[in-house]
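Working notes, structure below.
We name chains A, B, ... by the order of the sequence lines, and we start the count at 1 in each one. These figures come from a predicted structure and were not determined experimentally.
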Protein chains: 2
Amino acid sequence: MTQMRPPTGSRAAAADRGIPEATVARLPVYLRALAALADAGMRTASSEQLAGAAGVNSAKLRKDLSHLGSYGTRGVGYDVEYLRYQIAREIGLTQDWPVVIVGIGNLGQALSSYGGFRSRGFSIVAIFDADPDRVGEEHGGLPISPMDQLEPVVAEHGISIAVIATPGPAAQEVADRLVAAGVSSILNFAPAVLSVPERVDVRKVDLSIELQILAYHEQRKALSGEEAVPGHDATDDVAAKVVGQL
Amino acid sequence: MTQMRPPTGSRAAAADRGIPEATVARLPVYLRALAALADAGMRTASSEQLAGAAGVNSAKLRKDLSHLGSYGTRGVGYDVEYLRYQIAREIGLTQDWPVVIVGIGNLGQALSSYGGFRSRGFSIVAIFDADPDRVGEEHGGLPISPMDQLEPVVAEHGISIAVIATPGPAAQEVADRLVAAGVSSILNFAPAVLSVPERVDVRKVDLSIELQILAYHEQRKALSGEEAVPGHDATDDVAAKVVGQL
DNA sequence: AAGAGTTTGTGAACGAGAGAACAAAATCGA
DNA sequence: TCGATTTTGTTCTCTCGTTCACAAACTCTT
């Protein structure tokens, strides 16, 4: 999904609820950096310090924060606790988000025991698996529920966010059921392209894709070191193409 | 930018080894889509079909592929097997990449048992954990090695890619040791900002950040439905700011 | 062999994001 | 109070990525 609010004239950043996607993706990072600074006893922080802790450039950080409103003080910096609250509010972490996880394989188990969710305002209210033999097994303090409980649970808790951690082939059907039951945001760990209605947000996390991207760069590093004479790839390509087309 | 077309005949694009980052990130997706099409018995596929299977727009797919070279046939489409091989070669999947995983908590266990790595040319050669009591425990067919084996193992296998799945506070030290031992690409699952030398690539996967991004959009959906009058947030903000600054 | 029909590869327009640079706003010291 | 200093918020420019639209290149049918 994409929301492109045409800027309706009003320049007040806080009123302008359309925050750039790239900025939204960094807000949680800032939140974590602020938490670290707060733990270290800092009550105030400059954009330079915060940017350092978050691993970004300070100009970018300032621009990101300016989209939320004018929450800093020139000559001083940002009040750590106050900014923390503002970002949390902007992201929606001041409320609690009930979540379900579908698919309790290795990854699903890891997710259901992962403390990082609960501590940030997400509470896992149920976990599901298609294997009837595993129903009742406990993971992260929750029993595995049977798949036929999916719709009633989603409805009862008003779930809008779900995590899919099933094998690839099962993912689409699960997504369909989740959407039909009322879910409108899905975090997908399954290696599959999900097709969902426009109003539904899907974010995909793919472990093997990340490794492949690293492999590409790694290969380039290796190649750029050893390869001085260009052109031998050309014949290689032609040969391969002929073979491939046979 | 130096995007000059060297009119030196044969394969201009293939010689141009600089593939845009955004394209690199999609190549693995195309690879998976091609595998699915091949399994379905298709020997040839149009950009439209392939784009459908990969969940992207066909113009984007064509431009992405054009960066690798001119591997399609006008009026026909792309030879599935041939394109598969070319992409795999470009990413570097025609060779085998040995990988180590550090940190065998819930997530590390899931990663070490995950089949998607091995099937794509990544072989996990060792797993490490800081807890001495767990050394020897088997996960995914490998025993947990003690941390002091990290450097020798990395050296012996010529490891260049490593996965960090430790708790946040331990991540930086692990990264330092990996880099010192010769690793130049890191996939980081720990909730921490890693600082590494320039030549080292780091990719970060953060589960709770993904959920937070979904929460933001979810909150916006909810808000845009109920809220018609803007401006009340402003006073809210002012009040909060005063409180926060006390 | 020629025309009709497909489908790629790419030029051009557009939009989003990153970074540099600086004016505006606040503090601090005398 | 005034000037020096710090640091934000914003403007401008540049780069990168996406999308459109179409000529070129290929196949197929007659």
Side-chain angles (χ1 to χ4, degrees), chain A residues 2-7 10-16 18-27 29-30 42-52 54-80 82-83 86 241 245, chain B residues 1-7 9-16 18-27 29-30 37 42-52 54-80 82-83 86 237 241 245:
Chain A
T2 13
Q3 50 277 90
M4 308 238 257
R5 272 263 165 278
S10 162
R11 280 266 93 224
D16 190 63
I19 296 179
E21 197 52 39
T23 296
V24 171
R26 281 187 295 265
L27 291 180
V29 179
Y30 300 156
M42 297 188 63
R43 306 192 52 103
T44 204
S46 71
S47 62
E48 203 72 47
Q49 295 171 309
L50 228 169
V56 303
N57 162 312
S58 71
K60 179 149 61 179
L61 178 131
R62 286 200 300 278
K63 188 180 286 185
D64 282 343
L65 294 185
S66 79
H67 286 115
L68 313 191
S70 195
Y71 293 150
T73 308
R74 295 173 194 227
V76 178
Y78 301 90
D79 181 285
V80 172
Y82 171 59
L83 185 57
Q86 288 300 336
K241 182 156 194 172
Q245 282 177 336
Chain B
M1 205 187 143
T2 54
Q3 205 70 300
M4 290 294 88
R5 200 90 300 231
S10 52
R11 30 78 246 198
D16 191 58
I19 296 180
E21 197 51 39
T23 296
V24 171
R26 281 186 295 265
L27 290 180
V29 180
Y30 301 155
L37 294 182
M42 296 188 66
R43 307 193 50 107
T44 207
S46 70
S47 62
E48 203 70 50
Q49 294 172 309
L50 204 84
V56 304
N57 160 315
S58 72
K60 179 150 57 179
L61 178 131
R62 286 200 300 279
K63 181 156 284 188
D64 281 344
L65 294 185
S66 78
H67 286 114
L68 312 190
S70 195
Y71 293 150
T73 307
R74 294 172 194 226
V76 178
Y78 301 89
D79 181 286
V80 173
Y82 172 57
L83 185 57
Q86 289 300 338
D237 288 352
K241 180 158 195 169
Q245 282 176 336

How far apart are the C-alpha atoms of A:Asn57 and A:Lys60, what are their side-chain angles, what is the distance that settles it, and do they pass the side chain to side chain contact (heavy atoms under 4.5 Å, CB included) test? CA-CA 5 Å; A:Asn57 162 312; A:Lys60 179 149 61 179; 4.2 Å; yes

Report the distance from atom [atom1] of [X] to atom [atom2] of [N], rounded to the nearest whole Å.
X	N	atom1	atom2	result
B:Leu83	C:dT8	CG	C1'	13 Å
A:Lys63	D:dT11	NZ	C1'	8 Å
B:Glu21	C:dA16	CD	C1'	17 Å
A:Leu61	D:dG9	CG	P	10 Å
B:Gln49	C:dT7	CD	P	8 Å
B:Asp64	D:dC16	CG	P	16 Å
B:Leu65	C:dT8	CG	C1'	10 Å
B:Lys60	C:dG15	NZ	P	16 Å

For the side chain of B:Arg26, counting heavy atoms from C-beta on, which of C:dG19, C:dG17, D:dT18 is nearest? D:dT18

Proximal nucleotide (of C:dG9, D:dG9, C:dG17) relative to the A:Ser70 side chain: D:dG9

Straight-line distance of [X] [atom1] to [Y] [atom2], nearest 0.5 Å:
X	Y	atom1	atom2	result
B:Gln86	B:Leu27	CD	CG	12.0 Å
B:Tyr71	B:Asp79	OH	CG	13.0 Å
B:Leu68	B:Leu83	CG	CG	7.5 Å

B:Ser46 side chain to B:Gln49 main-chain N or O, any donor-acceptor pair under 3.5 Å? yes

Backbone N/O of A:Ser47 and side chain of A:Ser58: donor-acceptor pair under 3.5 Å: no

Shortest non-hydrogen contact from B:Leu50 toward B:Ala45: CD1-CB, 4.3 Å

Run the side chain to side chain contact (heavy atoms under 4.5 Å, CB included) check on A:Thr44 and A:Tyr78 step by step: do they pass? CA-CA 5 Å; A:Thr44 204; A:Tyr78 301 90; 5.8 Å; no

Convert the base pairs of DNA chain D into dot-bracket notation, remembering that pairs crossing earlier ones are written with [ ] and that bases paired across to another strand are shown as |; include only Watson-Crick or G-U pairs under 3.5 Å. ||||||||||||||||||||||||||||||

Which protein N or O atoms sit under 3.5 Å from an N or O of nucleotides 22-30 of chain C?
from, atom 1, to, atom 2, distance (Å)
C:dA24, N3, A:Arg74, NH1, 2.7

Is any side-chain nitrogen or oxygen of A:Ser47 closer than 4.0 Å to OP1 or OP2 of D:dT8? yes

Contact under 4.0 Å: B:Tyr78 side-chain N or O vs D:dC26 OP1/OP2: no

Does B:Arg26 have any salt bridge (Lys or Arg N to Asp or Glu O under 4.0 Å) partners at least two apart in sequence or in another chain, and if so, which? B:Asp64

Hey, which sits more toward the 5' end of DNA chain C by its nearest nucleotide, A:Ala59 or B:Ser46? B:Ser46

